Protein chains: 2
Amino acid sequence: MNDSSDAPARSGRAARLDDVAVIAGVAKSTVSRVMSGEATLSVRAETRQRILAIAAELGYQPDSRARALRLRRTHTLGIVVPEIDNPAFGTIIRSAQKAAVARGYSLFISLADKDQPDGELYRRLVAGSRVDGVLVTTTSDPALVAELRRRAISYVLVNRESPGETASIIVDYVDGTVRAVAHLAGLGHRRLALISGPLGQYTGRKRLEGFRRGLAAAGLPFDPDLVAECNYGWEEAGDALAAMLSAPGGPPTAVCAANAVVASGTIARARRLGLAVPDDLSVVALLDGPLAAMSAPAITAMQYPFEELGRLAVNALIDNLEDDTEVAGRTLPPLGLAERESTYAIDPL
Amino acid sequence: MNDSSDAPARSGRAARLDDVAVIAGVAKSTVSRVMSGEATLSVRAETRQRILAIAAELGYQPDSRARALRLRRTHTLGIVVPEIDNPAFGTIIRSAQKAAVARGYSLFISLADKDQPDGELYRRLVAGSRVDGVLVTTTSDPALVAELRRRAISYVLVNRESPGETASIIVDYVDGTVRAVAHLAGLGHRRLALISGPLGQYTGRKRLEGFRRGLAAAGLPFDPDLVAECNYGWEEAGDALAAMLSAPGGPPTAVCAANAVVASGTIARARRLGLAVPDDLSVVALLDGPLAAMSAPAITAMQYPFEELGRLAVNALIDNLEDDTEVAGRTLPPLGLAERESTYAIDPL
DNA sequence: CTGTTAGCGCTTTCAT
DNA sequence: ATGAAAGCGCTAACAG
């Protein structure tokens with residue numbers, strides 16, 4: 001920030017295209033052409049230099065509102081996320097913003113919560129043409145998708161699927177879960193439990209599907225008593241574990257927890273109940289997070305390419321916006337299992 | 001989302017003010033007046049009803065770009081945050097967005113990181129009049145503040161202070177730290193350590209100040225060997241502790257850790273080194289976070305009113321924007337210490 | 001190579 | 001109580 005050159009000392013009003021034009025002694029359109037940066041196109045080098053110099057001196061910045069109005073494009077993408085604390089969403093947002101900025105777009109992030117439900121937020125974003133397109137990460141509500149389509153807003157579903165919808169870029173939760181189950185089965189566990197998030201939600205359904213398929217692949221029976229929902233709470237996870245310990249078919253020797261928080265809650269409760277982890281109970285988190293590595297014992301967890309997810313979604317959306325390319329669905333395979341300390345081979349005795 | 005009434009089935013183009021006017025058989029200005037919702041002002045109730053009905057049927061939404069251009073106001077506030085994963089920032093953003101929406105504004109959130117440094121992001125936000133004002137949470141860089149001032153952009157410093165700057169709403173980190181030290185001193189500890197974030201940054205400086213004042217208040221000496229920086233890393237926190245254990249003046253019996261992550265890293269390393277927490281070493285986190293309650297032992301931590309912080313900052317900013325009220329600085333006291341399991345009275349022997 | 005002109009969709013005097 | 005008209009700051013034909 002060099003104070004000498006770029007400060008329009010006599011401030012008060014931001015410089016406009018017109019100001020630059022008048023001082024440079026050219027028409028607005030010429031300045032516009034230069035500012036748009038059509039490098040080679042029809043402006044004498046000398047004029048260009050002069051205009052650029054004056055613009056810089058005035059600290060001129062095109063007014064994005066006027067530009068948006070004229071161009072019928074805001075160069076802004078919207079995203080609404082449910083929980084900002086969730087590390088997976090943090091990664092997605094970060095990579096999405098980075099990818100957007102790299103292509104000259106801004107990312108308008110909105111946080112959903114009880115007071116600002118996602119439907120309302122999408123509408124705020126989309127109404128009044130605030131954004132050119134949206135990344136949908138919170139819901140697979142077909143009505144919302146239908147509305148976007150009706151309003152002719154470009155969108156891509158990020159880690160969500162909707163029936164009949166192809167513009168969906170997701171991470172393969174079922175494969176990841178299958179692999180986590182395989183890991184446990186490989187360690188000799190035969191009674192596996194699943195402490196899941198809400199089974200009614202997309203991720204919950206996917207993980208349950210993976211759990212069942214993993215069990216089947218290992219030739220293990222599925223016991224409904226060993227599946228519980230916990231709404232991603234630390235305490236609730238413990239409650240779920242406690243309830244399972246007295247399952248008719250016997251307690252589990254290993255549990256697949258929805259994410260690191262759920263795994264942590266499960267482990268804490270196990271310990272309070274006198275069960276050592278991993279000796280008496282193995283625990284794997286179906287979704288890694290910073291907490292997993294900071295726990296004692298450190299939690300073995302499945303990792304996914306969320307960074308890539310955000311990047312691909314943004315690029316697909318912008319391609320669609322600019323070249324009218326169809327958004328092609330993609331499914332990204334899991335990165336793999338970070339093996340840490342919370343799983344243990346079952347005593348062969 | 002009622003499909004029957006609000007769908008302009010024959011879509012293709014969003015309805016404009018003009019469309020409504022033509023159908024209603026009135027002038028654009030009349031529609032504009034009605035839509036602005038000047039409840040009582042000079043429009044016959046009957047006309048108003050008719051217009052409203054047509055607007056609803058067409059799904060008319062004023063174009064925010066055109067509105068912004070005409071009104072010279074975007075009704076959008078900007079905020080750039082350093083780390084989205086930091087729970088304190090999560091809380092601030094959430095409450096700020098909520099407060100903004102409540103007053104008819106949107107919050108444009110930007111994430112700073114190595115690739116998108118904060119200065120650049122502020123410029124993106126402010127250049128081109130994308131936002132009416134900004135919440136500055138990342139820096140106290142006087143040059144940035146000077147630039148905002150020069151461009152006549154309203155701003156408020158959130159949890160940051162800058163010399164000569166009064167528009168600063170902060171949480172009292174020094175008092176909170178003083179209290180944490182008092183807690184430890186009250187437990188009989190006499191050799192206290194501080195494992196801080198970067199001492200060059202605002203929060204680091206504040207916490208060091210609080211640490212020294214707390215020590216002084218308890219009549220305890222300050223030993224520079226018992227202060228370390230760790231850049232908020234889990235591993236680094238452990239390294240810092242390890243180094244302190246061989247301090248010339250003897251090892252500490254209690255440590256004040258910058259935040260929950262640092263506290264967790266400290267505890268993990270202590271344990272690895274054969275020290276029991278809290279029996280051999282007490283640890284308090286100077287800043288609470290979800291991790292603190294999920295750790296074993298659960299970490300005693302200082303809490304601050306971040307929700308209130310975000311709300312107050314947004315309201316002060318909007319007041320300034322709308323009524324040209326001076327933004328008055330505020331300092332919010334800490335909420336208090338959440339006493340959990342990581343601190344222990346020192347053996348009086 | 002550069003200037004002139006006509007809007008983008010909205011709000012707001014100023015008339016009527 | 002309502003309408004006509006003038007822009008907000010910019011870009012994109014179209015002329016020259």
Side-chain angles (χ1 to χ4, degrees), chain A residues 12-52 54-55 58-76 104 126-130 132 151, chain B residues 13-52 54-55 58-76 104 126-132 151:
Chain A
R13 182 173 64 62
R16 289 162 313 177
L17 190 57
D18 212 51
D19 301 327
V20 179
V22 168
I23 298 186
V26 297
K28 296 193 306 178
S29 48
T30 305
V31 179
S32 175
R33 277 189 276 256
V34 170
M35 298 309 293
S36 323
E38 312 175 29
T40 54
L41 219 50
S42 36
V43 168
R44 222 169 43 201
E46 188 221 329
T47 330
R48 166 188 307 282
Q49 292 316 323
R50 187 157 36 97
I51 290 175
L52 253 19
I54 292 172
L58 259 41
Y60 170 68
Q61 289 290 140
D63 184 313
S64 68
R65 298 165 299 186
R67 222 145 183 279
L69 180 58
R70 178 67 231 233
L71 264 8
R72 333 189 98 247
R73 278 280 153 94
T74 57
H75 287 274
T76 299
V126 161
S129 313
R130 240 172 239 288
D132 296 336
R151 288 191 183 258
Chain B
R13 185 173 62 63
R16 289 163 314 178
L17 189 57
D18 211 53
D19 300 328
V20 180
V22 168
I23 299 186
V26 297
K28 296 194 305 180
S29 45
T30 306
V31 180
S32 175
R33 279 189 274 256
V34 171
M35 296 309 293
S36 323
E38 312 176 30
T40 55
L41 220 51
S42 37
V43 167
R44 223 169 41 202
E46 188 221 328
T47 327
R48 165 188 309 283
Q49 293 315 322
R50 188 156 34 97
I51 290 175
L52 253 18
I54 293 172
L58 258 41
Y60 169 70
Q61 288 289 141
D63 184 312
S64 67
R65 298 164 300 184
R67 222 145 184 282
L69 181 58
R70 177 69 232 229
L71 264 8
R72 334 191 94 245
R73 277 281 153 93
T74 56
H75 287 273
T76 299
V126 161
S129 313
R130 241 171 235 290
V131 300
D132 296 337
R151 288 191 183 259

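Chain naming here is simple, since letters A, B, ... match the order of the sequence lines and numbering starts at 1 in each. Everything quoted here is computed from the prediction, not taken from an experiment.
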Rounded to the nearest Å, what distance is computed from the CG atom of residue D18(A) to the P atom of nucleotide dC8(D)? 9 Å
Which whole-number value in Å describes the distance from M35(B) CE to dT12(C) P? 14 Å
Provide, to the nearest angstrom, the distance between the CZ atom belonging to R48(A) and the P atom belonging to dC1(C). 10 Å
Expressed in angstrom and rounded to an integer, what is the separation of L69(B) atom CG from dC10(D) atom P? 9 Å
Please enumerate all protein N or O atoms sitting under 3.5 Å from an N or O of nucleotides 14-16 of chain D, with distances to 0.1 Å.
none

Please tell me if R16(A) has a side-chain N or O lying less than 4.0 Å from either OP1 or OP2 of dC10(D). no
D63(B) has an atom CG; how far is it from atom P of dC8(C), in whole Å? 12 Å
Between the side chains of D63(A) and R65(A), is the shortest nitrogen-to-carboxylate-oxygen separation below 4.0 Å, so that they form an ion pair? yes
Do you know the tightest heavy-atom contact between R33(A) and V43(A)? CB-CG2, 4.4 Å
Please write out each protein N/O paired with an N/O of nucleotides 5-7 of chain D under 3.5 Å, distance rounded to 0.1 Å.
{"from": "dG7(D)", "atom 1": "N2", "to": "R70(B)", "atom 2": "NH1", "distance (Å)": "3.0"}

Compare all side-chain heavy atoms of V20(A) with those of M35(A) and state whether any distance is below 4.5 angstrom. no
Which pair of heavy atoms, one from T76(B) and one from R130(B), lies closest together, and at what distance? CB-O, 4.0 Å
Gap between atom CD of Q49(A) and atom CD1 of I54(A) - 0.5 Å precision: 11.5 Å
For T74(A) versus S129(A), what's the shortest heavy-atom pair and its separation? CG2-O, 3.3 Å
Between C1' on dG3(C) and CZ on R44(A), what's the gap in Å once rounded to a whole number? 14 Å
Least distance between heavy atoms, A27(B) atom then A21(B) atom: C-CB, 3.9 Å
Non-hydrogen side-chain atoms of L58(A) and I23(A) separated by less than 4.5 Å: yes
Rounded to whole Å, CD1 of I51(A) lies from P of dT11(D) at a distance of 13 Å
If you compare all heavy atoms of D18(A) against all heavy atoms of K28(A), which two are closest, and at what distance to 0.1 Å? OD1-CD, 2.9 Å
Tell me what G128(A) touches on the nucleic acid: a base, only sugar-phosphate, or nothing, going by heavy atoms under 4.0 Å. nothing
Whole angstrom value for the distance that separates P of dC8(C) from CZ of R67(B): 19 Å
Check the phosphate of dC1(C) against T47(A), side-chain N and O only, distance under 4.0 Å to OP1 or OP2. Yes or no? no
Measure from the side chain of A27(A), starting at C-beta and using heavy atoms only, and say which of dT2(D), dC8(C), dT4(C) lies closest. dT4(C)
Given that L71(B) and T30(B) both sit by DNA chain D, which one's nearest nucleotide is further toward the 5' end? T30(B)
